Number of protein chains: 2
Amino acid sequence: CQICDDAASGFHYGVWSCEGCKAFFKRSLQAMSSGPVDYVCPATQNCTIDRQRRKSCQACRLNKCIQMGMSRGNCRRERERPGKANRKKKGDDAQTSPPKVRIKEEKDGNRSPVAGSSSTAAAAAAAAAAAAAVVATPPPAPQAPPAAASNEPVPIHTLVAHLMRVDPPVRHANHDHSLPDTWENLTASLFKLADFELMDVITWAKNIPGYSALSLKLRIHLLEACWMEVLIIGLLWRSQNHKDCLMFAPDLEFDRTRIRIAELESISTPILRLSQLFTRLHVTREEMVLLRVLALINSDICGDNDEERSLQEDLQQSVHEAFEYTVIRRQRQPLSRLLNLLSLLPHVRMAAMLSLQQISEIKSSLRLPLEDLLNEMMEGSTKASRTMTP
Amino acid sequence: CQICDDAASGFHYGVWSCEGCKAFFKRSLQAMSSGPVDYVCPATQNCTIDRQRRKSCQACRLNKCIQMGMSRGNCRRERERPGKANRKKKGDDAQTSPPKVRIKEEKDGNRSPVAGSSSTAAAAAAAAAAAAAVVATPPPAPQAPPAAASNEPVPIHTLVAHLMRVDPPVRHANHDHSLPDTWENLTASLFKLADFELMDVITWAKNIPGYSALSLKLRIHLLEACWMEVLIIGLLWRSQNHKDCLMFAPDLEFDRTRIRIAELESISTPILRLSQLFTRLHVTREEMVLLRVLALINSDICGDNDEERSLQEDLQQSVHEAFEYTVIRRQRQPLSRLLNLLSLLPHVRMAAMLSLQQISEIKSSLRLPLEDLLNEMMEGSTKASRTMTP
DNA sequence: AAAGGTCAGACTGACCCTG
DNA sequence: CAGGGTCAGTCTGACCTTT
Ligand SMILES: [Zn+2]
Ligand SMILES: [Zn+2]
Ligand SMILES: [Zn+2]
Ligand SMILES: [Zn+2]
């Protein structure tokens, strides 16, 4: 099949194509004859169309059909229009008017013509017009860049939305589940995951408005002081509703047994308790995101430089406003909610300190090597006097 | 729906989501339980997921589900109690609540003659009532008791005034200034002072309304977990406006020289920085008092007992209201002020952990004996897993 | 309220019928 | 052979039942 690389069953509509693409184009023609097609590409109009993925994007599939030359005019043996053979639909009859389509359009809410490729061509004007309409669809521009104007006051809702967008994503650990659950295997997967997540954390910090305005020294200092807290907040949030289970990644969850094998019992106690608290509070993603940002800018107080501190305080101020925007406008007892969320941070701080000490012991015992970035950050946080330096 | 922007039908798998995304994630879970899913993105793992496009890319839809925090609450049939089912609420909801609710509540044989307050309108009334319930338990109150009548709602300002009254006083160290500044002399005076202050802390805790209602076990646990933080908050407050100087007592101030002699350099760095922050914020005594109470009730989360936790949450609630009363009604940016104060607590927690570790090392090195009460509390805080137990 | 189950409706494509 | 219909299989999500 020239469209999907599947085995072709013949020369359909002018193209060597498979049964599936043939039927798909057939249905598209029928749909087009009775109104515009509402296929919408979920991405940027250049989806890969192969046997496995051809179902995913109708817009790109039809587009490729047309690009490869499919059209009704190419039919070698065209049959007369059988008058829109009515399906077993209950309501209206065939004829000309398509109320069904209209109803559907209305129900869809009919948003602004974002990326919808709608062929308004008449029924007779088949492929060529459709091709023009489909191909003309512009890419949907998935991610608008953040309000990058550094001096301009950004509306809070934009700031919150931006922070939501740049928050470190949930990563998979790619843990080999065929390996036995030994201390080495589990700890190695945790280290690998942490190393991976640390890159996300660094990228995230860079994308926080105002962070880049700080001096390099302070930026590094804050990151070194907060990274474990940021990771732990994510862990706690992912572990919500998982009783006695730490969801390090969707494919790496630690139950009591694994915690014992990985020798995480001493630090898991406070973390599991914190996780229960997260669960009870139903911390939302918005709130989690803001807690992470607060953990970053509050990870340490640099008292030396007045100007620098002023910048940091500006950052704090905007985070405070973000909290106000997000939490305070709740219905029931918003202030108590805010205080409950903020009260989590001392516990997070403690959990981070314990975790850093645990890793530090592993590092100095040479039981297992640390990944590069993880190792670097460990040295940084030691320097930041987060751990005792014996 | 946080995933597709459609109308949400509830809080499913940890995310506010629509029926479609809920069912999709459910099917994905079922599929995942029997082998890895084979969703493949037709584009670049970056598809837009909205109401009309969510069907297009299963891979990106599932990924977004995970990113937004969806996960199975527990492997199988999970019965989850929100815990806040019914309490001794006194809020009334005459107008908004439909009568069927009332009927149901009465049929349940709820001893309380009123229905649960689910109305969003009666927030203020409920809050005041909750406060009344908390303070209803009359504390021993060696001085003027805040409320004699047990059912009478006590205004918050009375609570704040009472907390001001029972706050641990500033103690003198009775340090012998004729002695030379050696490590032994200075450390011994610090230990003696801490021991003395600890008695005040215990008395103070007993006088906090609602604290005595907690179980003995929890009372001890909270005290063991928070005492160092309470001492440090007092120290920080006393050290305001004293540059590079720790005012352990009016007659025992540590400048840089004494800090070096007493080998407190490693822990004094964060504490001195915190002290500068206190100075910049101009923390009032009222605020310091409330921070101490918050440090006490937030020193640990006991997750075992539902009823016990409810009492602790009531206590938290009244402290939150005290904060609101004290801080929020300021003139300029009260909320930012509140967040700044709360942001101190993680640093206090860290300073407390470092201090405990320092004392723990002295104790195990037998360089100097600890006073009785101090020794006891050290063991308690070690038990409370505040320090590493090597 | 939030799990899990249900099933009509929509889409797909292997297969069949017809010219 | 290719256009076009058929319909079982699959996915979806509004609705229902259970806890
Ligand atoms: Zn094909
Ligand atoms: Zn596409
Ligand atoms: Zn959705
Ligand atoms: Zn995709």
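Please read all numbers here as calculations on a predicted model, not as lab measurements. The chains referred to below are lettered A, B, ... by the order of the sequence lines, with proteins before strands, and numbering in each begins at 1.
With D:dG3, D:dG13, C:dA3 as the choices, the nucleotide that has an atom nearest any side-chain atom of B:E19 turns out to be D:dG13. Taking only side-chain atoms of B:K22, from C-beta outward, the nucleotide of C:dC15, C:dG4, C:dA2 with the closest atom is C:dG4.
In this structure the side chain of A:F24 reaches within 4.5 angstrom of the side chain of A:Q58, judged on heavy atoms. B:C4 is listed as a side-chain neighbour of B:I49, based on a closest heavy-atom distance under 4.5 Å.
If you measure from atom CG of A:L62 to atom C1' of C:dT12, you get 15 Å, rounded to the nearest angstrom. Look at CD on A:Q52: it is 15 Å from C1' on C:dT12, rounded to the nearest Å. One atom, CG of B:L29, and another, P of C:dA2, lie 16 Å apart when rounded to the nearest Å. Residue B:F25 contributes atom CZ, which lies 15 Å from atom P of C:dA2 at whole-angstrom precision. As a whole-Å value, the separation of A:Q240 CD from C:dA3 P is 12 Å. Spacing between atom NE2 of A:H12 and atom P of D:dG5 amounts to 15 Å, rounded to whole angstrom units. Distance, A:R53 CZ to C:dG13 P: 15 Å, rounded to whole Å. The distance from atom CD1 of A:I49 to atom P of C:dG13 is 11 Å, rounded to the nearest whole Å.
A donor-acceptor pair under 3.5 Å links the side-chain atoms of A:H347 to the main chain of B:N298, judged by distance alone. Of the possible polar contacts, one joining the A:T279 side chain to the A:N241 backbone as a donor-acceptor pair under 3.5 Å is found. In this structure, the side chain of A:T284 engages the main chain of A:E287 through a donor-acceptor pair within 3.5 Å.
A:Y13 contributes atom OH, which lies 10.5 Å from atom SG of A:C65 (distance to the nearest 0.5 angstrom). Here the CG atom belonging to A:D50 is positioned 9.0 Å from the CZ atom belonging to A:R54, to the nearest 0.5 angstrom.
Dashed line: the shortest gap from a side-chain N or O of B:R54 to OP1 or OP2 of D:dG13 is under 4.0 Å. Contact annotation: B:R61 reaches the phosphate of D:dG13 (side-chain N/O to OP1 or OP2, under 4.0 Å).
Comparing A:R51 and B:W16 by the nucleotide of DNA chain C whose heavy atom lies nearest to each, the residue mapping closer to the 5' end is B:W16. Across the interface with DNA chain C, nearest-nucleotide mapping of B:Q30 and A:A23 shows B:Q30 to be the residue nearer the 5′ end.
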For nucleotides 9-11 of chain D, list the nitrogen or oxygen atoms of the protein found under 3.5 Å from its nitrogen or oxygen atoms, one pair per line.
none

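Residue-to-nucleotide contacts include a donor-acceptor pair under 3.5 Å from the side chain of A:K26 to the base of D:dG5.
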